[in-house]
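Take a look at the structure below.
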Amino acid sequence: MIDRLPPYAQLLGLTAERDGDGAPVLVMPFGNDVLGRPGFLHGGAISGLMEMAAIVALHDALEGEGGGEIKPINVTVDFMRGGRDKTTRSRGIVTRLGTRVANVEATAWQDDPAKPIAAARMNYLIVRR
Amino acid sequence: MSHGFQFDPARFLTSRLGHGGLLGTSYRAHGADWAELELPYDERLIGNVDTGVIASGPILSLMDMATSVGVWLRANAFVAHATLDLRVDYLRPATPGKTVIGRGECYRLTRSIAFVRGQAHDGDPDDPLAHVAGTFMAPDGYPR
């Protein structure tokens, strides 16, 4: 998954890297394509980034258990700070990987992971292979 | 603050700049406290290459914009505000090839917080594909 992101991820300009723990982190460059009000990131682009980070993290976790398909059930996004003219990163954390449902959290930050610009909580339906 | 000012969503949404321009969202209809926008199917929005279904992110973006415009319509003013939170229930996948239509409504406006809700469908409003609820906040307040 990390090495073949879907078209929507490419549209957002996302690239993948791994942090010190080997967990996937998605990187979104700033630009007109992800702009909301002048000078700030669009909330939808931040959310799209976090949803992709959650999906990548979930696929990563699923692969260790034989893989499977995932379907989004819902997402709740909190916007904490305006996204400025900077690179944004996001990491998804699978809080519970069940047989049929996974609970995933993701945050997005710019300079400091401890100061997120947004956070999301997602539930996914899992269809195991 | 809003006296004599008429917010025109059709005009506002003709801008092709920014994220809305990238996704291809455009104006469809509006009322006193709601706006309807559309998001044409585009292969660049695909989230699952096996099925051709678009990703959930563009639907969230569409609904963020539709509800935001709904707030400006209810306030009858273009006020600087930010999304505080947004929840989206993905009721079913969007049908590949079909335009997604998103309707956002501001059902309660207070001095600084706007409460919104909305639904998205791809042709039949009685068969929605997403339901949203959220809030916006205006740092300088909404006109009352």
Side-chain angles (χ1 to χ4, degrees), chain A residues 1 4-14 26 28 30-56 59 69-83 90 106 108 117-125 127, chain B residues 12 15-25 37 39 41-68 78-94 102 129-137 139:
Chain A
M1 178 86 199
R4 50 177 193 95
L5 296 172
Y8 173 63
Q10 293 167 27
L11 187 68
L12 291 177
L14 306 190
L26 293 185
M28 182 172 77
F30 189 86
N32 178 57
D33 282 351
V34 291
L35 195 70
R37 64 194 157 106
F40 289 87
L41 283 174
H42 194 285
I46 302 171
S47 305
L49 166 68
M50 292 192 294
E51 284 188 303
M52 284 311 312
I55 290 167
V56 165
H59 272 294
E69 297 297 314
I70 65 168
K71 296 174 180 177
I73 302 170
N74 53 36
V75 56
T76 305
V77 187
D78 286 313
F79 297 96
M80 282 102 96
R81 295 175 175 86
S90 180
I117 60 167
R121 213 166 48 74
M122 284 142 289
N123 296 315
Y124 289 93
L125 198 62
V127 184
Chain B
F12 175 78
S15 167
R16 297 291 78 202
L17 296 171
H19 196 54
L22 177 77
L23 298 179
T25 48
L37 312 188
L39 172 70
Y41 183 76
D42 185 335
E43 290 182 348
R44 297 177 307 154
L45 304 180
I46 289 174
N48 183 335
V49 287
D50 297 330
T51 60
V53 173
I54 63 168
S56 47
I59 293 166
L60 189 146
S61 290
L62 172 74
M63 299 313 292
D64 182 67
M65 293 181 217
T67 50
S68 179
F78 179 67
V79 184
H81 69 175
T83 319
L84 204 55
D85 82 300
L86 193 65
R87 176 201 165 102
V88 187
D89 286 319
Y90 297 111
L91 308 178
R92 63 171 176 85
L129 61 91
H131 180 276
V132 307
T135 51
F136 286 85
M137 182 175 174

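Convention: sequence-line order gives letters A, B, ...; per-chain numbering from 1.
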What is the distance from atom [atom1] of [X] to atom [atom2] of [Y], rounded to the nearest 0.5 Å?
X	Y	atom1	atom2	answer
L12(A)	L23(B)	CG	CG	8.0 Å
D89(B)	I73(A)	CG	CD1	9.5 Å
S68(B)	R37(A)	OG	CZ	10.5 Å
L84(B)	M80(A)	CG	CE	10.5 Å

Q: Find the one option among G31(A), G43(A), G48(A), P6(A) whose heavy-atom pairs under 4.5 Å with chain B are most numerous.
A: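 Result: the option with the highest number of such pairs is P6(A).
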Q: Give the member of M63(B), M65(B), M137(B) that has the highest number of heavy-atom pairs under 4.5 Å with chain A.
A: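 So the answer, after comparing M63(B), M65(B), M137(B), is M65(B).
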Q) Of the listed residues (G20(B), A82(B), P58(B)), which shares the most heavy-atom pairs with chain A below a 4.5 Å separation? A)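 Among the listed options, the one with the most contacts to chain A is P58(B).
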Q) Under a 4.5 Å heavy-atom cut-off, does chain B meet the side chain of E69(A), its backbone, both or neither? A)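 Answer is side chain: those atoms of E69(A) sit under 4.5 Å from chain B.
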I need the minimum non-hydrogen distance between [X] and [Y], along with the two atoms involved.
X	Y	value
F79(A)	T83(B)	CB-O, 3.1 Å
A55(B)	Y8(A)	CB-CD2, 3.4 Å
A45(A)	S61(B)	N-OG, 4.0 Å

Q) Counting distance only, does the side-chain N/O of N32(A) pair as donor-acceptor with the main-chain N or O of G18(B) below 3.5 Å? A)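 Side chain of N32(A) to backbone of G18(B): a pair is present.
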Q.
Tell me whether H19(B) contacts the main-chain N or O of L35(A) through its side chain, where contact means a donor paired with an acceptor under 3.5 Å.
A.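 No, H19(B) side chain to L35(A) backbone: no donor-acceptor pair under 3.5 Å.
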Q) When S47(A) is tested against each of L60(B), L86(B), D64(B) for side-chain contact (heavy atoms from CB on, under 4.5 Å), which residue passes? A)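 By the side-chain contact (heavy atoms from CB on, under 4.5 Å) criterion, S47(A) pairs with just one of L60(B), L86(B), D64(B): L60(B).
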Q | Beyond-backbone contact of H42(A) with L22(B), side-chain heavy atoms, under 4.5 angstrom | A |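 A side-chain contact is absent here, since even the closest heavy-atom pair is not under 4.5 Å.
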Q: May I ask you to check whether over 12 heavy atoms, not counting those of Q10(A), lie within 6.0 Å of atom CD?
A: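 Buried by this count: over 12 neighbours within 6.0 Å.
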